[in-house]
Visitor: 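Got a structure for you, written out below as structure tokens; questions coming shortly.
Chain A is the first sequence line, chain B the second, and so forth, proteins listed ahead of strands; every chain is numbered from 1. Worth knowing before you read on, the calculation uses all heavy atoms, side chains too, and leaves out hydrogens, waters and symmetry mates.
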Amino acid sequence: MLQETENKLIQRRIEKLEELRKDGIDPYFNGFSPDSFAQDLHNKYDKNVKEGLEEKNIPAKVAGRIMAYRSFGKAGFMKLKDFTGYIQIYAEKNSLSEEDFKLYKKLDVGDIIGVEGVLFKTKTDELTIKAKKITILTKSLRPLPEKWHGLKDKELRYRQRYLDLIVNDETKETMLKRAFIINSIREFMIKNRFIEVETPMLHKLVTGAAARPFKTYLNALDMELYLRIAPELYLKRLIVGGLDRVFEINRNFRNEGMDLKHNPEFTMMEFYIAYKDYTFLMDFTEELFDFILEKIGVEDNKIEFNGKEIDFSRPWKRLDFYEGLKKIGNVDDDILNNKSKALKYALELEKKVNDNMSHEKILAEIFDALVEPNLINPTFVVGYPVAISPLAKRNRKNPNITDRFELFVSGMEVANAFSELNDPFDQKERFLKQLEERKKGDEEASMFDGDYIKALEYGLPPTAGEGVGIDRLVMLLTKNPSIRDVILFPLMRDKDE
RNA sequence: GGGCCGUUAGCUCAGUCGGUAGAGCAGUAGCCUUUUAAGCUAUUGGCCGCAGGUUCGAUUCCUGCACGGCCCA
């Protein structure tokens, strides 16, 4: 890419780099180790009064990228950015060696430098380092986006996230918050004695969710494999193995459409806990959210998202699947009772449905269209039909529905949980049913996992399990309506350059 | 998959009722030792997304394509 010699801005910087080399300066010098970070210096010394600070001769050694450069003849200021924040640098001729002052005059916005000096405060009371020594650590050859408007073009921000991170502090804040949220979740799980595990990404069978997979190939064993759509069956094998409380925070891959809420690879936390059921998980999920909200400093349990207030105060609403269809979706009884009427109605709603689908699956599509968008405050939807829940335990009173819930917030599915089906006979039937669906053309139907049945035959204790969509959770808590804004490197179509 | 919008200088954006373009920032040269989007003076920089059509002439109008955004499914 450096061959773009026609670009004079880059050309000029390459010239500067060569001038540095001529002066015996390594423009990629690696031998400077900072002893302070910008934000730490502010935390420590912002309170100090201006008078006498410089006389205290407090040394500071920092490294970072030049984000602003204001020069006037024999002195000037720079705004230096490191991973914690910004610190101002003052460079004046009298305080620097002749070589360092010459170097200073050659610096560009974007260059990465190391600075040693002493702290003082400017006229306007800003904590600043008076440079005694300046070292260039990396010459930057490309000009940064404009200092005031930054980088707005979303396409460039996603494709060149490094630039976005340099220039747009909100992006950095979002990603730091994401890391913090994930750490909080981990802390909560470990506090509750869960064990963090890693299960395979490469699967021989497509199971654990209703989705189309990515296919790949293992040369060594001459074997077709799939990138996992969910870790569910492996995690439950670990419960069979006696680990009792396990969780995994990792990527799933689903070969489906991309939109505001979907990226082909996305992050889920799945967890399983023995000797509990789905009602426990509702409480546990509320507690988990309480914990996270408190950690990130939400005090009144309320956040704003997409212009609407969302209240996480407990207990959250519970809504039966069929009740929801009737009362929120205003769906007539004959649609609930008659498949062909449901199909006709779903088609009117422009849903991609066909006659091969089960009645329940069609109802789920109608639910998706008419009910989900109305579930703004956190809502546990319960009473999902067995036909669309092949891994969930049947309800004892009504064998046509399962002990399962999905959590919706702001119209988005954020979690899915159930009491795990641990009866190997029933599980086998469900798998066979899924195979039928698959034969009928449902590419999202589960495959038959014989080894999993074998594991159930050894005995899966009564267990509850849940998956939480981490990206969507981060969207809510960082007020980003697009999943691409909470993923560092969202998938983008190829573009010829 | 459908609809709408966008693509002009490194970045943020104007603009041309069709006659090959402009600002601010960045860059360059100069002045300036406490600036905060520093200031002042001068100045460089463009396959106007790509391909085709209409036209004497297209960055502008039309069609197609690519990429992106938003909305719908």
Visitor: Would you indicate which nucleotide in U36(B), U35(B), U33(B) comes nearest to any side-chain atom of Phe77(A)?
Guide: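 Nearest to the side chain of Phe77(A) among the choices is U35(B).
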Visitor: Considering only heavy atoms and no angle criterion, is a donor-acceptor pair shorter than 3.5 Å present between the side chain of Thr122(A) and the base of U36(B)?
Guide: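 Side chain to base: pair found, below 3.5 Å.
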Visitor: Taking the C1' atom of each, how far is G39(B) from U33(B), in whole Å?
Guide: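 G39(B) and U33(B) have their C1' atoms separated by 15 Å.
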Visitor: When you match Pro145(A) and Leu260(A) each to their closest nucleotide on RNA chain B, which lands nearer the 5' end?
Guide: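 Looking at the nearest nucleotide for each, Pro145(A) comes out on the 5' side.
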Visitor: Measure from the side chain of Tyr158(A), starting at C-beta and using heavy atoms only, and say which of A73(B), U36(B), G69(B) lies closest.
Guide: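 Minimum distance to the Tyr158(A) side chain belongs to G69(B).
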Visitor: Determine, answering yes or no, if Phe72(A) is stacked on C32(B) under the 5.5 Å centre rule and the 30° plane rule.
Guide: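 Stacking between Phe72(A) and C32(B): absent.
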Visitor: Measuring centre to centre across the rings, with the benzene-like ring taken for any Trp, is Tyr226(A) within less than 6.0 Å of Phe214(A)?
Guide: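 That pair fails the under 6.0 Å test.
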Visitor: How would you label the contact of Lys152(A) with the nucleic acid (heavy atoms, under 4.0 Å): base, sugar-phosphate, or nothing?
Guide: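 Result for Lys152(A) = sugar-phosphate.
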Visitor: For Arg159(A) and G68(B), is the shortest distance between a side-chain N/O and OP1 or OP2 below 4.0 Å?
Guide: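 The answer is yes; a side-chain N or O of Arg159(A) sits under 4.0 Å from OP1 or OP2.
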Visitor: In terms of heavy-atom contacts, does NZ of Lys93(A) have more than 12 from other residues, nucleotides or ligands at under 6.0 Å?
Guide: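 Not buried by this count: 12 neighbours or fewer within 6.0 Å.
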Visitor: Is Arg484(A) touching bases, backbone alone, or none of the nucleic acid, heavy atoms closer than 4.0 Å?
Guide: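 The residue Arg484(A) makes sugar-phosphate contact but no base contact.
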Visitor: Determine whether the aromatic ring centres of Phe120(A) and Tyr90(A) lie less than 6.0 Å apart.
Guide: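 Judged by ring-centre distance (under 6.0 Å), Phe120(A) and Tyr90(A) do meet the cut-off.
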Visitor: Measure the distance from NZ on Lys352(A) to C1' on G2(B) and round it to the nearest whole Å.
Guide: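 For the pair Lys352(A) NZ and G2(B) C1', the rounded distance is 10 Å.
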Visitor: If you check the Glu155(A) side chain, which of U34(B), A73(B), G68(B) turns out closest?
Guide: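 That would be G68(B).
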Visitor: Taking atom types as modelled and ignoring hydrogens, do the side chains of Gln39(A) and Thr84(A) form a donor-acceptor contact shorter than 3.5 angstrom?
Guide: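 The criterion, which ignores hydrogens and geometry beyond distance, is not satisfied for Thr84(A) and Gln39(A).
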Visitor: Closer than 4.0 angstrom, basic N to acidic O: yes or no for Lys61(A) and Asp35(A)?
Guide: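 A salt bridge is absent here (no side-chain N lies under 4.0 Å from a carboxylate O).
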Visitor: Out of U33(B), C70(B), U36(B), which has the shortest distance to the side chain of Asn94(A)?
Guide: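 When the side chain of Asn94(A) is considered, U33(B) is the closest of U33(B), C70(B), U36(B).
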Visitor: Report which part of the nucleic acid Gly257(A) touches: base, sugar-phosphate, or nothing (heavy-atom distance under 4.0 Å, all strands).
Guide: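 No contact at all - Gly257(A) keeps every heavy atom at 4.0 Å or more from the nucleic acid.
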Visitor: So does Gln88(A) reach the base of U35(B) with its side chain, donor to acceptor, closer than 3.5 Å?
Guide: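 By the distance-only test, yes, there is a pair.
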Visitor: Would you indicate what Asp368(A) reaches in the nucleic acid, counting non-hydrogen atoms under 4.0 angstrom: base, sugar-phosphate, or nothing?
Guide: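 Result for Asp368(A) = nothing.
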Visitor: Please confirm whether Tyr322(A) and Phe367(A) have ring centers closer than 6.0 angstrom.
Guide: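 Between Tyr322(A) and Phe367(A), the centre distance exceeds or equals 6.0 Å.
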Visitor: Measure across Thr122(A) and Lys50(A) and return the closest heavy-atom pair with its distance rounded to 0.1 Å.
Guide: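 Taking Thr122(A) first and Lys50(A) second, the nearest heavy atoms are O-CD, 3.1 Å.
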Visitor: How long is the line joining NZ of Lys74(A) and C1' of U34(B), in whole Å?
Guide: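 Interatomic distance, NZ of Lys74(A) to C1' of U34(B): 16 Å.
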Visitor: Within this structure, what is the CD1-to-P distance between Ile10(A) and A9(B), rounded to whole angstrom?
Guide: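 Value for this atom pair: 14 Å.
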Visitor: Provide, to the nearest angstrom, the distance between the CD1 atom belonging to Ile362(A) and the C1' atom belonging to A73(B).
Guide: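 These atoms are roughly 17 Å apart.
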Visitor: Students often get this wrong, so: under 4.0 angstrom with heavy atoms, is Phe101(A) touching a base, only sugar-phosphate, or nothing?
Guide: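 Result for Phe101(A) = nothing.
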Visitor: Pairs counted only when both distances fall under 3.5 Å, Watson-Crick or G-U: show me the 5' to 3' dot-bracket for RNA chain B, [ ] for pseudoknotted crossings and | for other-strand partners.
Guide: (((((((..((((.....[..)))).(((((.......))))).....(((((..]....)))))))))))).
Visitor: Base, sugar-phosphate, or nothing: which does Lys79(A) touch, judged by heavy atoms less than 4.0 Å apart?
Guide: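 Nothing, no heavy atom under 4.0 Å.
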Visitor: Sort me out a list of protein N/O and nucleotides 23-30 of chain B N/O pairs below 3.5 Å, or just none if empty.
Guide:
| from | atom 1 | to | atom 2 | distance (Å) |
| --- | --- | --- | --- | --- |
| G24(B) | N2 | Glu146(A) | OE2 | 3.4 |
| C25(B) | O3' | Lys147(A) | NZ | 3.3 |
| A26(B) | OP1 | Lys147(A) | NZ | 2.8 |
| U28(B) | OP1 | Lys16(A) | NZ | 2.8 |

Visitor: Classify the side chain of Asp153(A) versus the base of U7(B) as yes if they form a donor-acceptor pair under 3.5 Å and no if they do not.
Guide: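 Result: no qualifying N/O pair found.
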Visitor: Take the protein atom CZ of Arg157(A) and the nucleotide atom C1' of G6(B), then report the distance between them rounded to whole Å.
Guide: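 Taking CZ of Arg157(A) and C1' of G6(B), I get 16 Å after rounding.
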Visitor: For the rings on Phe418(A) and Phe405(A), is their centre-to-centre separation under 6.0 Å?
Guide: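 Ring centres of Phe405(A) and Phe418(A) not closer than 6.0 Å.
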Visitor: When rounded to the nearest Å, what value does the distance between C1' atoms of A51(B) and G15(B) take?
Guide: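 Looking at atom C1' only, A51(B) and G15(B) are 25 Å apart.
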Visitor: Using the side-chain heavy atoms of Arg70(A), tell me which of these nucleotides is nearest: U33(B), C67(B), A38(B).
Guide: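 Selected nucleotide: A38(B).
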Visitor: Using only modelled atom types and a 3.5 angstrom limit, is any donor from either the side chain of Tyr90(A) or the base of U33(B) paired with an acceptor on the other?
Guide: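 Check passes, donor-acceptor contact within cut-off.
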